[in-house]
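Worksheet: one structure, shown below.
Computed from heavy atoms alone, side chains included, the values below leave out hydrogens, waters and symmetry copies. As the structure lists them, so they are numbered: ligands from 1, and atoms in each ligand from 1. Bear in mind the structure is a predicted one, so any value in this text is a computation, not a measurement.
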Amino acid sequence: MAIVMDGNGRWAKQRYMPRLFGHRQGIASLKRCVKACVNRNIKALTVFAFSSENWNRPAEEVSGLMDLLVKLMRSELPELHEQGVRVCIVGEREGLSDAVRASATEAENVTSNNTRMVLNVCINYGGRWDIAQAAARLAAENLAITPDSLQGAMALSHVPDPDLLIRTGGEQRISNFLLWQCAYSELYFTETLWPDFDEAALDAALADYAGRERRFGKTSAQVQVDNPAC
Ligand code: IPE
Ligand code: IPE
Ligand code: MG
C-alpha cells in the first residue's frame with residue numbers, strides 16, 4: 001500500500017494554527033497508521049513524506065519538516081523496531097542534511113532484520129528521479145534498459161508495486177509520487193485530511209479496494225474464470 005499524506009497545512013489552518021502544527025499531527029497520524037497496517041498484516045507501506053518539489057516551500061516550513069522527520073526516525077525508532085517494522089528511507093540522499101542522512105542510516109541499520117512490515121518513507125523523492133536514476137545505473141553498467149531491468153533498478157525494487165494508492169486531502173493527482181510503480185495500482189482519493197486519517201478511514205479505503213475488480217488488461221469474464229471466489 002502507498003499513501004500521499006496530504007492536507008496537514010489545511011488541517012492546521014482550520015484551527016488557526018501554523019502549518020507545522022499540522023505536520024506534527026501528521027507524524028502522529030503516520031504512527032497510528034503504521035500500527036494499524038501492521039495489525040492488518042499489510043506487508044509494505046510506502047509513504048510520501050517530502051517530495052523533490054517540496055523544497056519550493058518557505059524555508060521555515062522546510063526546516064521544520066526536516067526536524068520532524070529526524071524526530072520520526074530517532075524518537076519513534078524503538079517503537080517501530082518493537083513492532084517488527086523495517087524502515088527504509090527512499091529518495092535522493094545527496095540533497096539532504098547530514099542530520100537527516102545520519103538518522104536515516106541509523107533507522108535502516110537498526111531495523112534491517114525486521115520482517116513484519118516494510119515502511120518506506122519517501123524523502124526528497126520524485127517518481128521521475130527514480131526512473132532516471134534507475135536508467136542511469138543500468139547505463140553506467142552497460143546493461144540493456146528494459147521494463148524488467150528498470151523495475152529491478154528502482155529505489156523501491158525491494159517491495160512489490162502497491163496494490164492500493166491512497167491520497168488524503170482531496171486532491172486527485174499523483175504529484176510525482178510512484179510514477180513507475182503505480183502503473184496498475186488502484187487509486188483511492190479521500191477528502192479526509194491526513195491528520196484525521198484514522199483506523200476507520202483506513203478500513204474504508206481497504207473496503208473500497210476490496211470491491212474493485214483488477215483486470216490487468218483481461219476481460220471481466222476472464223478474471224472471473226481465473227478467480228471464481230471473487
Ligand atoms: C502534506 O501536507 C505534507 C507535506 C507535503 C510535507 P501539506 O503540507 O501539503 O498540506 P496542505 O496540502 O497544504 O493542506
Ligand atoms: C505531495 O503533497 C507531497 C507529499 C505529501 C509529501 P503536496 O501538497 O506537495 O502536493 P501538490 O504540490 O499540492 O501537488
Ligand atoms: Mg498539500
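Closest to atom 1 (C) of ligand 1, if we only count protein heavy atoms, is M5 O, 3.0 Å. Atom 9 (O) of ligand 2 has N54 ND2, 2.9 Å as its closest protein atom, hydrogens excluded (heavy atom only). With respect to atom 14 (O) of ligand 2, the closest heavy atom belonging to the protein is S175 OG, 2.6 Å. For atom 2 (O) of ligand 2, the nearest protein heavy atom (residue, atom name, distance) is R167 NH2, 3.7 Å. When hydrogens are left out, the protein atom nearest atom 10 (O) of ligand 1 is G9 N, 2.9 Å; that is the closest non-hydrogen contact.
Remark: ligand 2 atoms within the under-4.0 Å shell around heavy atoms of V4 are 1 (C), 5 (C). Under a 4.0 Å criterion applied to the non-hydrogen atoms of R57, ligand 2 contributes the atoms 7 (P), 8 (O), 9 (O). With ligand atoms numbered from 1 in the order given, ligand 2 contributes 2 (O), 8 (O) to contacts under 4.0 Å with heavy atoms of D6. Each of the following atoms of ligand 2 lies closer than 4.0 Å to a heavy atom of F50: 6 (C). Atoms of ligand 1 lying under 4.0 Å from at least one heavy atom of R10, given by number and element, are 11 (P), 12 (O), 14 (O). Short contacts between ligand 1 and H23, defined as distances under 4.0 Å to a heavy atom of the residue, involve ligand atoms 3 (C), 8 (O).
The shortest non-hydrogen separation linking C182 to L165 is SG-CD2, 3.9 Å.
Ring geometry, W129 versus Y125: the interplanar angle exceeds 60°, so the pair is classed perpendicular (tilted spans 30 to 60°). Ring-plane geometry between W55 and F50 is classed as perpendicular, the angle between the planes exceeding 60 degrees on a 0 to 90 degree scale with a lower cut at 30.
For A49, every heavy-atom contact with ligand 2 shorter than 4.0 Å involves the backbone, none the side chain. With a 4.0 Å cut-off on non-hydrogen atoms, R173 touches ligand 2 through its side chain and not its backbone. Of the heavy atoms in F177, none comes closer than 4.0 Å to ligand 2. Looking at L193 against ligand 1, nothing comes within 4.0 Å, counting heavy atoms.
With hydrogens and angles disregarded, no donor-acceptor distance shorter than 3.5 Å links the side chain of R32 to the backbone of E199.
In this structure, G7 has a heavy atom closer than 4.0 Å to ligand 1. Proximity of R19 to ligand 1 is established by a heavy-atom distance of less than 4.0 Å. Within the structure, the closest approach of E171 to ligand 1 does not fall below 4.0 Å when heavy atoms are considered.
Side-chain N/O atoms of D196 and W11 include a donor and acceptor closer than 3.5 Å. The closest side-chain donor-acceptor pair between S52 and R128, if any, does not fall under 3.5 angstrom.
In this structure, Y209 has its ring center no closer than 6.0 Å to that of Y188.
In summary, D6 places an N/O/S atom under 2.8 Å from the Mg ion (ligand 3), meeting the contact criterion.
When the shell of 6.0 Å around CZ of F216 is examined, it contains more than 12 heavy atoms from other residues, nucleotides or ligands.
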